[in-house]
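Since the model is a prediction, treat every value here as computed from it, not as a measurement. Any value given below was found using the heavy atoms of this structure, including those in side chains, with hydrogens, waters and symmetry copies removed.
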Amino acid sequence: MDCSNQTIPDNFVLSGFPYPEEFTLPLIFFFSVMFALTLAGNSLIILVVISDLRLHKPMYWFLCHLSTLDMAFSAVVVPTVIAGFNLRENMISFSGCVTQIFFFNFLGCAESLLFTLMAYDRFLAICKPLHYGNIMNWRLCLILSLGTIIGGCLNSTFQTSLTFLLPYGQRNHIDYVFCDIPAILKLACADTKLNELMTFIDVGLVAMTCFLLILASYVYIIMAILRISSHEGRRRAFSTCTAHLTVVAIYYLPVVYHYLRPTSQDSMDGMVSMFYTTVTPLLNPLIYTLRNKEMKTSLLKLWGGNPE
């Protein structure tokens, strides 16, 4: 690595991931369609919730918040990837790379916190139904939602600052599909073990804390559901939780695979990252719509169909 001139590079070149030349147009088409469907699907979720007064509940407020984060998450990464397929080697400015890293980590942390809040909301609704309305009021919803934004912003500011305080030399080729901390650290002209350890601890701490809180919530939820005598009551209670559990699993598995292996040189890491930045934001509205009777009814009503 050329570290003789430790000046900040004007730009970085994203090498992307290897693929046969004949796949260029199909890949551009695939990611363009996925991006368009992600924006359309999540926008539809927000529109349905806003337009139906029956959905003006904390659960659906958090769902709208998730859809907003999903659209932003996809918009931060997917256009860069599509541009890379067009150019083979996609150039991004230094400031653009810093911005992408900041928003990518900000939105990722905010989503982790939001998934935890959604589990807490389900815990209150099922385990403390008589007190739910008093506890989970709109004021608390707004405060908790704002907390996910502030938490994500502080976390990302720390990680991004720690990364770009390192000196960098002339090498500016990032062997990755977009700007991300593990890929950038490989270009630093200094020992990055501390940064890698801090990334591991920070991501691991946030992810593990959120995951354990979600797990604890669902242990209480399952115990409460099993005490419900009515089969129909148990089915309705489970139906409000399965969509959230499915989304949490789809979100966390790729994140754990990628970020808890900070020194990995696996070429598949880029594909794993593309899954949770491209596929997961698209699946979220589908899962919540297909698994939620109220959402399906409101969607049919919006389209002018028969809600029955």
Inset, instruction - Run the numbers on R122 and M118 for side chain to side chain contact (heavy atoms under 4.5 Å, CB included), then give the verdict. - result: CA-CA 6 Å; R122 292 300 83 207; M118 295 172 80; 5.9 Å; no

Legend entry - Listed partners of Y218 passing ring pair (Phe, Tyr, Trp, His ring centres under 6.0 Å), at least two apart: H244

Legend entry - Validation row: L117, H65 side chains within 4.5 angstrom (heavy atoms): no

Legend entry - Listed partners of S93 passing side-chain hydrogen bond (donor to acceptor under 3.5 Å, both in side chains), at least two apart: S95

Inset, instruction - Can you sort out the partners of S217 under side-chain hydrogen bond (donor to acceptor under 3.5 Å, both in side chains), two or more places apart, ordered by chain and number? - result: none

Inset, instruction - Using a 4.5 Å cut-off on heavy atoms from C-beta on, say whether the side chain of I126 contacts that of Y220. - result: no

Legend entry - Residue pair C141 / W61: nearest heavy atoms and the distance that separates them: O-NE1, 3.8 Å

Legend entry - Nearest-0.5 Å distance, CZ of residue F211 to CD1 of residue I214: 7.5 Å

Legend entry - Pairwise side-chain contact, K186 with I174, heavy-atom cut-off 4.5 Å (strictly under): no

Inset, instruction - Answer whether the closest heavy-atom distance between the side chains of V78 and P281 falls below 4.5 Å. - result: no

Legend entry - For T99, side chain to side chain contact (heavy atoms under 4.5 Å, CB included) partners two or more places apart: F103

Inset, instruction - Please list, chain by chain and in numerical order, all residues satisfying side chain to side chain contact (heavy atoms under 4.5 Å, CB included) with L282, sequence neighbours excluded. - result: M34, L37, T38

Legend entry - Cluster companions of L113 among Ile, Leu, Val, Met, Phe, Trp, Tyr (side-chain spacing under 4.5 Å): none

Legend entry - By side-chain hydrogen bond (donor to acceptor under 3.5 Å, both in side chains) - contacts of S51 (at least two apart): none

Legend entry - Considering all heavy atoms, the nearest R54-K57 contact: O-CE, 3.0 Å

Donor-acceptor pairs under 3.5 angstrom involving side-chain atoms of residues 68-76: please list them, not counting sequence neighbours.
| from | atom 1 | to | atom 2 | distance (Å) |
| --- | --- | --- | --- | --- |
| T68 | OG1 | C64 | O | 3.0 |
| D70 | OD1 | N284 | ND2 | 3.4 |
| D70 | OD2 | N284 | ND2 | 2.6 |

Inset, instruction - Could you pull out all residues at least two apart from F29 that satisfy side chain to side chain contact (heavy atoms under 4.5 Å, CB included)? - result: V33

Legend entry - Residue list, side chain to side chain contact (heavy atoms under 4.5 Å, CB included) with L140, at least two apart or on another chain: I135, M136, N137, L144

Residues 150-167, side-chain donor-acceptor partners within the protein, below 3.5 Å, at least two apart:
| from | atom 1 | to | atom 2 | distance (Å) |
| --- | --- | --- | --- | --- |
| N155 | ND2 | D202 | OD1 | 2.8 |
| N155 | ND2 | D202 | OD2 | 2.8 |
| S156 | OG | F102 | O | 2.5 |
| S156 | OG | F106 | N | 3.4 |
| T157 | OG1 | C153 | O | 2.7 |
| Q159 | OE1 | T199 | OG1 | 3.3 |
| Q159 | NE2 | D202 | OD2 | 3.0 |
| T160 | OG1 | S156 | O | 2.8 |
| S161 | OG | T157 | O | 2.7 |
| T163 | OG1 | Q159 | O | 2.9 |

Legend entry - pair N172-F94: side-chain heavy atoms closer than 4.5 Å: no

Inset, instruction - List for me each residue that meets side-chain hydrogen bond (donor to acceptor under 3.5 Å, both in side chains) alongside T116, sequence neighbours excluded, and say none if there are none. - result: none

